[in-house]
Amino acid sequence: MSYSEKKRSLKNLKYLLLFTFPALAFYFVFLFIPITSAIYYSFTDWSPVRPDYSFVGLNNYIEIFTRDRHFTNALRLTMRFTIFIFVLQNIIALGLALLVETRTKSKSFFRTIFFLPNMFSLIISSLMFRFIYTRVFVEVSELPFLGFFDQSWLGDPQVAFWSILIVSLWNGAGYMMIIYMAALQSVPASITEAAKIDGANGFRRLTKITLPMIMHAITICSFLTLIRGFQIFDVVFRLTGGGPGRATQVVALNIFEEAFQQPLRYGYANAKAMIFFAVILLITLIQTGVMKKMEIES
């Protein structure tokens, strides 16, 4: 490499660092430092009720896996919720996208209607559905043939799980639908028309042509629904508060209560957060690898 090329390369590197410095500084201050601090504090008995703290090694992690059944139950519930939201939200969103794409004049109307719930925050959505579950359904259940609405939607542990799932699906399916619609619009109409002429029915066109050609969108939506499932907090916090008892307490709520309610154990809560982060990272890497492999094969 000549002197002029080296000089030009160094100049380009200088401009690259100059333009990326704000993003790098933001990442360092608001992500790198908090994450590394959380890792360190997870090995301490840090608590706001004491002026100092000490290093306890792996004691927090040992306690979590041996004596904290509330955390393991919350992790089990979070995994169950994530599986349901992962499967159902993608199926519903893809179904809505296919349905809306078949419309001509009313496509914009239905796209807006189905996407509208995503404009509400999960806190607002939870408050709305709390009113529906506790007030509206009580009145509806008095009508003929609608007695099945007379449920303890938030008081029964089994029913409360489905109540949370309904709110999450209602709020998030429209956003995934938009992603699927954008992918469906990129599928060449000539290919589907040719398959139709060759005698392929709607199901075969969907499975052999449409789905393989929108696999990139399926990967994106799968990743987003997986992360949203693990991060569930708002709906549970506002809708059931983790109740009845701890029947609907997810991991994020369990960590929140450990740190900011009794017993105010910051170090212990950080250890839980590190375990949860490791679980999410592992499952996300597996899911991304599988979906990428399916993209290549399709």
Side-chain angles (χ1 to χ4, degrees), residues 23-86 122-123 126 157 160-161 164-165 168 223-289:
L24 290 174
F26 184 90
Y27 175 85
F28 184 78
V29 173
F30 293 102
L31 288 176
F32 181 77
I33 293 178
I35 290 174
T36 53
S37 299
I39 295 174
Y40 169 74
Y41 286 125
S42 69
F43 296 101
T44 69
D45 60 355
W46 180 31
S47 174
V49 298
R50 295 194 307 271
D52 56 353
Y53 57 87
S54 58
F55 187 81
V56 296
L58 296 175
N59 288 353
N60 288 334
Y61 293 92
I62 294 173
E63 181 179 348
I64 290 171
F65 287 112
T66 58
R67 297 196 295 271
D68 196 338
R69 62 181 181 86
H70 296 310
F71 179 77
T72 54
N73 290 338
L75 183 60
R76 193 179 299 112
L77 178 68
T78 304
M79 294 288 290
R80 180 189 176 198
F81 176 85
T82 302
I83 292 172
F84 275 100
I85 202 74
F86 176 81
L122 278 172
I123 292 293
S126 301
F161 173 83
I164 295 169
L165 188 64
S168 300
F223 175 78
L224 291 176
T225 52
L226 194 68
I227 295 301
R228 286 188 175 187
F230 279 117
Q231 290 179 337
I232 183 68
F233 173 82
D234 315 57
V235 178
V236 180
F237 180 74
R238 185 49 59 190
L239 200 62
T240 66
R246 292 178 179 260
T248 59
Q249 186 184 69
V250 292
V251 174
L253 184 59
N254 180 270
I255 295 173
F256 171 81
E257 291 183 353
E258 192 74 47
F260 301 110
Q261 297 180 6
Q262 295 299 328
L264 298 174
R265 300 173 66 187
Y266 286 180
Y268 190 67
N270 273 302
K272 289 185 176 183
M274 291 301 103
I275 294 173
F276 192 39
F277 170 76
V279 171
I280 294 175
L281 179 62
L282 177 62
I283 294 178
T284 301
L285 290 175
I286 295 173
Q287 180 264 335
T288 304

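Along the sequence shown, residues are numbered consecutively beginning with 1.
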How long is the span from the OH atom in Tyr268 to the CG atom in Asp68, to the nearest 0.5 Å?
3.5 Å
Counting the benzene-type ring for Trp, do Phe43 and Tyr61 have ring centres under 6.0 Å apart?
yes
Partners meeting salt bridge (Lys or Arg N to Asp or Glu O under 4.0 Å) with Asp234 (sequence neighbours left out):
none
Report yes if some heavy atom in the side chain of His70 is under 4.5 Å from a heavy atom in the side chain of Glu258; otherwise report no.
no
In terms of heavy-atom contacts, Leu77 and Phe161 come closest through CD1-CD1, 3.7 Å
Are Tyr266 and Tyr53 near enough that their ring centres are under 6.0 Å apart?
no
Look at the aromatic rings of Phe260 and Phe256 and report parallel, tilted or perpendicular, splitting at 30° and 60°.
tilted
Distance-only, no hydrogens or angles: does the Asn270 side chain make a donor-acceptor pair with backbone N or O of Ile39 under 3.5 Å?
no
Nearest-0.5 Å distance that lies between atom OG1 in Thr82 and atom CD1 in Ile283
7.5 Å
With the side chain counted from C-beta on, respond yes when Trp46 and Arg265 share a heavy-atom pair under 4.5 Å apart, and no when they do not.
no
For Pro34 and Val29, work out which heavy atoms get closest and say how close.
CD-O, 3.3 Å
With no hydrogens and no angle check, is any side-chain donor or acceptor of Thr248 less than 3.5 Å from a backbone partner on Gly243?
yes
Parallel under 30°, tilted from 30 to 60°, perpendicular over 60°: which one fits the rings of Phe30 and Phe26?
tilted
Lys272 side chain near Asn254 side chain, heavy-atom distance below 4.5 Å:
yes
Any side-chain to backbone donor/acceptor pair from Thr44 onto Tyr41? Under 3.5 Å, distance only.
yes
Taking the side chain as everything from C-beta on, heavy atoms only, tell me whether Val250 gets closer than 4.5 Å to Phe81.
no
Would you say CZ of Phe32 has more than 12 non-hydrogen atoms from neighbouring residues, nucleotides or ligands within 6.0 angstrom?
no
From CA spacing to verdict: side-chain contact (heavy atoms from CB on, under 4.5 Å), Thr284, Phe230:
CA-CA 10 Å; Thr284 301; Phe230 279 117; 5.5 Å; no
Atom pair CD1/CD1 of Ile164 and Ile232 - distance to nearest 0.5 Å:
7.0 Å
I need the full list of salt bridge (charged side-chain N to carboxylate O under 4.0 Å, His left out) pairs touching residues 27-52, with sequence neighbours left out, sorted by first then second residue.
Asp45-Arg50
Separation of Gln249 CD from Phe71 CZ (nearest 0.5 Å):
10.5 Å
Would you give the length of the straight line joining atom OG1 of Thr72 to atom CZ of Arg69, rounded to the nearest 0.5 angstrom?
8.5 Å
All heavy atoms of Val56 vs all of Asn60, minimum pair found to be CG2-ND2, 3.9 Å
Suppose we screen for salt bridge (Lys or Arg N to Asp or Glu O under 4.0 Å). Which residues come up paired with Arg238, at least two apart in sequence or across chains?
none
Do you know the tightest heavy-atom contact between Thr240 and Ala160?
CG2-CB, 4.4 Å
In this structure, CD1 of Ile85 is separated from CD1 of Ile227 (nearest 0.5 Å) by 13.5 Å
